[in-house]
Amino acid sequence: EAQVTQNPRYLITVTGKKLTVTCSQNMNHEYMSWYRQDPGLGLRQIYYSMNVEVTDKGDVPEGYKVSRKEKRNFPLILESPSPNQTSLYFCASSFGPRPGQEGTQYFGPGTRLLVL
Amino acid sequence: AQSVTQLGSHVSVSEGALVLLRCNYSSSVPPYLFWYVQYPNQGLQLLLKYTSAATLVKGINGFEAEFKKSETSFHLTKPSAHMSDAAEYFCAVVNMDTGRRALTFGSGTRLQVQP
């Protein structure tokens, strides 16, 4: 089954304790992205990756890091989490530009993070 | 810069009634537009998309949307609501001209379906 998976689905942590949220896709997609969802703000892009070893900042990158060492994986790293990073996080992936697939992104189930 | 505005954060309809969720966009280039649905405790699922082909787009679960350039709108409709349609709906636009390819989402509309 084609899917985007994220782990963990729920996480409670304390300020300053480094954490990693994993994301993996099995559709051979070139493009991957992280979003955070906050009430009343919709989803905002944190980081994205056009392909292996190619990453760049989105709209709200502060406090986050990413890496793309393999095509299927795109982990999100919070080096020193703070309470304002409490949010619902979504990983997404898509093909590179090709007819019929323009911009279509497939989303993981989400990771709900609480930073105390 | 692109943006999306969804009018009405909450919409309530009766089962069997027409569903109309409004979305207006702002884009300096021809847009690619999407509607996603989010069921409770789940990720986002693509309902339908407009990518400059037919202006009336049909999606899953009986939903459709019409792209109207003159009104900069992409409203989502369904002729007859079902209880299972209760969810949050997001309109989004993407600019494929930039490498970022970030989806710009509206703030969402929560649909309630009353029995």
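Naming convention: chains lettered A, B, ... in sequence-line order (proteins, then strands); numbering from 1 in each chain.
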If I measure from the heavy atoms of chain A, does B:L44 come under 4.5 Å with its side chain, its backbone, both, or neither? both

Quick one: CG on B:L21 to NE2 on B:H75, what's the gap to the nearest 0.5 Å? 10.0 Å

Say whether A:Q105 and A:S33, considering side chains only, have a donor N or O and an acceptor N or O under 3.5 Å apart. no

Within the supplied structure, the quantity of interest is the number of heavy atoms (other residues, nucleotides, ligands) at a distance under 6.0 Å from A:N84 CG; does it exceed 12? yes

At their closest point, which heavy atom of A:Q6 faces which heavy atom of A:C91, and how far apart are they? OE1-N, 3.0 Å

So which part of A:R9 gets closer than 4.5 Å to some heavy atom of chain B, the side chain, the backbone, both or neither? side chain

Non-hydrogen atoms of chain B under 4.5 Å away: do they reach the side chain of A:Q37, the backbone, both or neither? side chain

Using non-hydrogen atoms only, which part of B:Q45 is less than 4.5 Å away from chain A: side chain, backbone, both, or neither? neither

